[in-house]
Structures are given as structure tokens and as C-alpha cells.
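These notes are about the structure you will find just below.
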Amino acid sequence: MRTHYCGLVNESLTDQVVEVCGWVHRRRDHGGVIFIDLRDREGLLQVVFNPDQAEMFAQAERIRSEYVLAVKGKVRSRLEGKENPDLASGKIEVIAQELTILNRAETPPFQLDDDDVSEEHRLRYRYIDLRTFGMTERLKTRAKISKAIRDYLDSDGYLEVETPMLTKATPEGARDYLVPSRTHHGQFFALPQSPQLFKQLLMVSGLDRYYQIVRCFRDEDLRADRQPEFTQLDIETSFLNEEQIMFSMETMMRQLFKTILDVDLAGPFPQMTYAEAMDRFGSDKPDLRIPLELLEVSDLMESVDFKVFSGPAKDPKCRVAALHVPKGSALSRKQIDAYTKFVAIYGAKGLAYIKVNDASNGREGLQSPIVKNLPDDVLDELLKRTKAESGDLIFFGADKTKIVNEALGALRIKVGEDLGLIEGDWRPLWVIDFPMFEYDEKAKRLNALHHPFTAPKDEHLDLLESDPEKCNSRAYDMILNGTELGGGSIRIHKQNVQKKVLKLLGISDEEAEDKFGFLLNALSYGCPPHGGIAFGLDRLVMLMTGANSIREVMAFPKTQSASCLLTQAPSEVSAEQLKELNIKVRQKPKETE
RNA sequence: GGAUUGGUAGCUUAAUAGGUAAAGCACUUGAUUGUCGAUCAAGUUGAUGAGAGUUCAAGUCUCUUCCAGUCCGCCA
């Protein structure tokens with residue numbers, strides 16, 4: 001039926017007879033001659049119908065948008081001056097000899113060349129949306145990325161192993177998607193949040209190097225970069241330390257960017273401690289393309305007669321930080337008010353600022369509601385430390401450290417984007433030396449910053465007992481342009497250490513035995529030192545294709561309320577199905593009348 | 001759970017201070033032998049997401065609700 005893809009017919013086939021199949025992208029009827037742009041996944045091809053074959057021409061007159069055609073015809077150079085430079089096949093056209101209408105089509109619910117159709121419509125008719133050039137290209141790029149990754153890992157000795165989708169609910173982490181068991185009344189499987197434990201077991205089994213491109217499930221609220229089901233590139237290896245794993249993953253990324261985008265990522269990736277990232281960027285995934293930094297000024301503000309600053313400056317749980325914005329004094333009062341509103345989202349109670357009108361004129365050169373509260377020596381030191389020049393602006397955050405970091409960290413990105421300060425295209429880095437735990441104020445207990453199987457640094461082992469909050473882990477995150485591409489760690493391979501960590505997380509011996517007994521057992525049967533990493537494949541593809549949501553790189557994504565507009569899932573099930581599962585729905589859904 | 005933006009013809013949008021719902025594209029028909037977002041002419045298309053209220057009068061004001069987007073919380 002087909003000899004060539006439409007989009008791949010070019011001048012090298014001139015004078016040959018080809019058979020192509022595709023969808024009618026556009027029809028231009030000139031009465032005596034009809035042009036049809038025929039489209040398939042590889043692109044467009046102009047097909048010409050002449051009236052000398054009356055029967056075929058009559059059929060061509062009835063063709064409408066999105067009809068599916070098979071056309072046999074001769075490739076010929078377009079007439080002089082009639083080439084279309086926008087088309088890969090623009091130098092040639094196909095003169096139709098035979099036409100088969102394989103299928104008719106209703107008028108599509110939206111036009112394929114309309115690039116601002118609402119996402120709601122696109123998702124409802126996703127099968128049509130996927131015909132558009134942008135979607136097709138992104139899915140093709142995604143497939144190329146997966147293949148390049150597989151090629152690299154395969155050549156590096158990694159085995160692709162599948163792990164169960166029906167598995168055990170875990171107490172830590174995100175909310176599980178549950179699947180009721182028919183054969184065990186009242187019991188449930190959980191869909192995996194990640195194959196974490198299975199890949200560790202594969203290391204115990206001596207598989208040595210494992211990878212998998214695998215679906216993961218988390219029942220939490222959605223974002224532009226979060227879907228209830230998403231794809232991880234999951235990797236684990238034995239007998240390598242963190243430096244070796246990081247080097248290998250970096251090499252993989254470098255090859256990937258070269259293959260897909262022809263981009264040379266500068267290497268080696270810089271490494272930054274968690275503490276430094278929080279201090280300088282207010283974030284554990286800093287966007288290094290933005291040349292703004294948070295500056296610690298708590299020590300300066302301790303003794304000033306301005307409680308908004310001196311209070312937090314003296315409190316060890318708080319910080320006062322400055323964000324120096326070159327040329328920022330051009331910001332209007334209205335813009336600064338908008339930024340004040342912006343940081344309020346993160347809990348900041350205000351946003352102090354100083355406009356540096358004339359850096360050489362001391363206090364007189366500064367414009368700000370707070371200058372009157374600050375003594376000369378503090379102002380001098382502030383200008384010195386920020387290296388602020390005339391025309392600049394300095395924002396301040398003074399609050400709980402967490403709030404200051406989140407507020408100024410987000411402001412840093414927003415201001416950087418608004419003022420067009422972004423430098424360079426790709427700025428990867430590693431963030432290392434994460435704390436093992438974070439104190440959860442609400443639950444009044446420790447939480448694992450990565451996950452409960454992350455190993456503590458050898459030299460911090462004693463801190464597990466004495467001061468767990470000071471204990472750092474052997475975890476590492478790969479960050480690209482402010483997005484966490486992946487995170488991993490060296491795992492705990494000693495049973496006693498694993499038990500200790502679970503206890504610190506407030507998991508009782510009984511619960512540990514119940515939920516993780518199989519892992520604890522496995523650790524006792526000759527578990528090698530091992531570690532790994534998991535990358536968010538959707539986010540990686542999103543960055544590499546320049547998409548602004550992972551929905552744009554998934555064929556059939558869900559909406560923000562985790563429903564599928566195409567299939568109308570989730571939906572109710574029959575009484576028989578529920579009965580078989582021994583499940584009773586407690587409340588009837590609200591009346592829909 | 002919260003903040004915020006939007007929902008008007010098949011699609012994308014408009015509608016002054018509450019006073020006859022409009023345009024472009026799509027679609028239909030006709031014309032048209034070199035277009036490529038073809039062109040020209042004529043034509044069809046609406047319970048303004050749903051429900052209630054205020055009013056002589058509601059797309060517009062009020063309340064409730066549903067859907068979609070962005071963000072906060074949440075996401076080890």
C-alpha cells in the first residue's frame with residue numbers, strides 16, 4: 001500500500017512512481033487543478049490532481065480535511081518558482097495516478113494548525129491533537145531519548161529488569177494508589193511509587209547493574225511537572241561509590257545531549273553542598289543560569305534598632321538575607337508591590353528593599369522605607385558586601401530560615417526571568433551532602449530527606465545516635481536549570497544501620513518488620529555495597545524539547561484533578577465488581593440531576 | 001485544603017456604566033488550471049458551563065456548583 005512516508009519523499013525520487021498514505025492536511029481547489037497536502041508522521045507532501053482523469057478528479061473534489069488517502073503517483077520537480085522552501089518535500093510534488101479514499105472524517109473539533117486551542121479540548125480529542133506537528137515531534141524526541149539512554153546503559157553493562165506493578169503499600173512517602181485484591185478479601189496491593197526496594201533486592205541477587213524505564217505512581221496533587229503516573233529512568237549498581245556513579249551518569253547525560261540536541265554540556269558538572277545551595281540560592285535545586293544570589297546579612301543586622309531585622313538576625317532558626325539586583329532601581333513601586341505579593345505566597349510577611357540611586361553618596365544616595373532604621377556603618381558594609389552600584393536595588397528577607405530561603409529563592413528566579421538576566425542554555429550541577437533527616441514541625445518527628453534507605457556518611461555514623469539532624473547522607477541530586485532531573489544515593493547495606501534509621505524515623509520494630517521485613521532479611525544474606533539514581537524521564541524530555549509542562553511530552557496525560565478527559569477515567573464500577581472485591585462504597589456520589 | 005485566572009457559535013476571541021450577543025477562522029454551496037494559511041461570492045451556526053437570586057431588563061451584579069489552567073500546602 002505504501003512505498004514511502006509523505007514527509008520523506010524528496011527530489012532524490014524525481015520521476016519515480018511512489019505510493020503514499022496519509023491524512024488530508026489541506027485542500028486547495030482551483031477548479032481545473034486540485035492540490036492536497038498529504039500528511040503523515042514524517043511531514044507533508046503536495047499531491048496534484050489534474051482533470052485529465054475525470055473519475056479520479058471527481059473523487060478528489062469530494063475530499064475533505066483529515067480524510068485518509070492512499071495515492072499512487074509520479075514524483076516530479078515543481079515548476080520553476082513554485083517551490084515551497086518551508087517544506088522538506090517542497091522542491092517536488094506527486095502527480096496523482098491513482099486515488100483511494102481509505103476513510104472519511106468528520107470535520108475535526110479544532111483546526112490542527114491552530115496553535116492556541118485550549119488544553120481541555122486538546123485532551124478530550126487527544127488522538128487528533130497528537131497529529132499536530134509539535135506533539136508528534138515531541139513524542140519522536142522522547143523515543144529517541146529513551147533509545148539513546150538504553151544504548152548507553154546497555155553498552156555499560158546494565159541489565160534491563162522489570163519489577164512488579166502490583167506491590168506492597170509503604171508507610172513513608174507519597175500517598176499510594178491502591179488495588180484491591182480479589183483473592184485476599186480486605187487486602188490491597190499498591191502501585192509502586194518507585195521500584196526502590198526491588199532494585200536493591202536485585203543488587204542482593206548479584207545482578208550487579210540494573211536499569212529500567214518504568215512507570216511510577218503517586219497519589220498526590222498535580223502540577224505542571226507532576227502527573228499521578230510518570231516515568232522514571234531507574235538505575236542501581238553494586239560496588240561503586242558515589243563519585244563513580246555520578247561520573248557515569250554525567251557521561252550518560254553528556255552523550256544524550258550530544259546525540260539529541262548536538263549540545264556539549266560543559267564538564268565535569270560542578271558539585272555544590274546542600275548547605276551552600278540553600279545559603280546562596282535558597283533552594284536545593286538552584287538555577288545557575290540566573291546570576292543573582294542571596295547574601296547572608298544576619299550578622300550585620302543583629303544589633304540594629306529595627307526589630308523586623310534584628311529579631312530574626314539573633315534567632316538561630318531565622319536568617320536575614322539580601323538579594324542584590326543589578327539595575328533594579330528602575331523597578332516601579334507597582335512592580336515592587338507585585339513582588340511583595342509574590343513572596344507572600346511563601347509566607348514572607350513583607351519585602352524590604354533599598355534603591356541605590358547614588359552609591360558614592362552614602363545614606364543620601366539610598367531610597368528606601370527602611371534606611372532610617374539602619375546606622376551608617378551597617379549601610380556602608382551592606383553596599384560593600386553586595387557590591388551594589390548606582391542604579392541597583394537590594395531586596396531583603398528576614399524571617400524563619402525556611403521562609404526566607406523559599407521566598408527569596410523564588411523571587412530570585414522570578415526577577416531573573418522578568419529582567420531577562422538568564423545566562424547560557426544548559427547549566428547542570430550536582431547537589432551533594434544532604435542532611436539525612438529534616439525535622440517535621442507538625443508531626444514532631446524526623447523525616448527522611450531522600451528516603452529511608454539512603455546511607456549516612458561513614459564519618460557521620462555516630463551522629464545517628466548523638467545528633468541525627470547533623471548527620472549527612474550519601475545522596476546526590478542532578479540539577480539542570482532549576483529542575484531536579486534525578487536523585488540518588490548510596491544505600492544502606494548493613495541491617496543494623498537500616499534498623500537504626502527506621503527507628504529514628506519513628507517506625508516501630510513491629511511496623512519495620514511488617515513493611516520492610518523482606519528488605520531487612522535480604523540485607524542479612526550477603527548484600528553488596530550498592531547505590532543508584534532515578535531520573536524523571538518526563539521532566540528530562542520536557543527540558544530537552546523546551547515544553548513547559550510534562551503533559552506536552554506524554555501521549556495521554558491526566559488533568560490537574562487526575563482525571564482523563566479522553567476516556568473519562570476514573571469512573572464508577574459495577575456492583576458485581578465491587579461485590580467480588582468485597583468492597584462497599586460508603587457514600588453515594590452527589591446527585592447529578 | 002487554600003490563593004488565583006478562565007469557561008460566550010465547531011475553534012479562538014469581542015461585547016461602552018445592566019438595554020437587539022458580534023468578528024476571524026472552520027463548515028456548506030457556487031466560481032476558479034499553479035496554489036501552498038489559495039482566492040472571490042453567498043450561506044449556516046448560540047439555552048453565553050450548570051443552577052438560583054436581584055432587576056422592567058443579566059453574558060455583564062450576587063450566591064451556589066461543575067470543569068480547565070497556574071501556584072501554595074502536599075509530593076520520603
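A note on names: the letters A, B, ... follow the listed sequences, proteins ahead of strands, and every chain is numbered from 1. Just so you know, these numbers come straight off a predicted model, no measurement behind them.
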Quiz item: Atom CZ of A:F110 and atom C1' of B:U13: how far apart are they, to the nearest Å?
Solution: 18 Å

Quiz prompt | Identified salt bridge (charged side-chain N to carboxylate O under 4.0 Å, His left out) partner of A:E66 from the options A:R27, A:R39, A:R104 | solution = A:R39

Quiz item: Within the structure shown, what part of the strands sits under 4.0 Å from A:N84 by heavy-atom distance: base, sugar-phosphate, or nothing?
Solution: base

Exercise. Identify, between A:P109 and A:Q46, the residue whose nearest nucleotide on RNA chain B lies closer to the 5' end.
Key: A:P109

Quiz item: For the residue pair A:Q193 and A:R218, what are the closest heavy atoms and their distance?
Solution: O-NH2, 3.2 Å

Quiz prompt | The single option from A:R76, A:E83, A:K82 passing side chain to side chain contact (heavy atoms under 4.5 Å, CB included) against A:E93 | solution = A:R76

Exercise. Pick base, sugar-phosphate or nothing for A:D221, based on heavy-atom distances below 4.0 Å to the nucleic acid.
Key: base

Quiz item: What is the distance, rounded to the nearest whole Å, between atom CD of A:Q560 and atom P of B:G69?
Solution: 5 Å

Practice problem: Tell me what A:E80 touches on the nucleic acid: a base, only sugar-phosphate, or nothing, going by heavy atoms under 4.0 Å. | Solution: nothing

Practice problem: Select base, sugar-phosphate, or nothing to describe what A:L87 touches, counting heavy atoms under 4.0 Å on all strands. | Solution: nothing

Practice problem: Take the protein atom CG of A:L222 and the nucleotide atom C1' of B:A68, then report the distance between them rounded to whole Å. | Solution: 13 Å

Exercise. Would you indicate, yes or no, if B:G37 has its OP1 or OP2 atom less than 4.0 angstrom from a side-chain nitrogen or oxygen of A:R28?
Key: no

Self-check item: 5′-ward residue of the pair A:S118/A:G31 relative to RNA chain B
Solution: A:S118

Quiz prompt | B:G73 OP1/OP2 closer than 4.0 Å to side-chain N/O of A:R226 | solution = no

Quiz item: Hey, does A:T454 reach any base, or is it just sugar-phosphate, or nothing, if we go heavy atoms under 4.0 Å?
Solution: nothing

Quiz item: Which whole number of Å gives the distance between the P atom of B:C63 and that of B:U54?
Solution: 15 Å

Quiz item: Checking all strands, does A:R551 fall into the base, sugar-phosphate, or nothing category for heavy-atom contacts under 4.0 angstrom?
Solution: sugar-phosphate

Quiz item: Contact class for A:R539 vs. all strands (heavy atom < 4.0 Å): base, sugar-phosphate, or nothing?
Solution: nothing

Quiz prompt | Pairwise P distance, B:A22 and B:G43 [rounded to whole Å] | solution = 15 Å

Quiz item: B:A9 and B:U5: how far apart are their C1' atoms, nearest whole angstrom?
Solution: 23 Å

Practice problem: Determine the interatomic distance between P on B:C61 and the same-named atom on B:A15; round to the nearest Å. | Solution: 13 Å

Quiz item: Base, sugar-phosphate, or nothing: which does A:D86 touch, judged by heavy atoms less than 4.0 Å apart?
Solution: nothing

Quiz item: At under 4.0 Å between heavy atoms, what does A:E406 touch on the DNA or RNA strands: base, sugar-phosphate, or nothing?
Solution: sugar-phosphate

Exercise. Establish, with yes or no, whether the OP1 or OP2 oxygen of B:G37 is under 4.0 angstrom from a side-chain nitrogen or oxygen of A:H25.
Key: no

Exercise. Could you state the atom-to-atom distance from CD of A:E119 to C1' of B:C11 in whole Å?
Key: 16 Å

Practice problem: For this output row, return yes or no: ring centroids of A:F49 and A:F57 closer than 6.0 angstrom. | Solution: no

Practice problem: Enter syn or anti for the glycosidic conformation of B:A14, syn applying to angles within 90° of 0. | Solution: anti

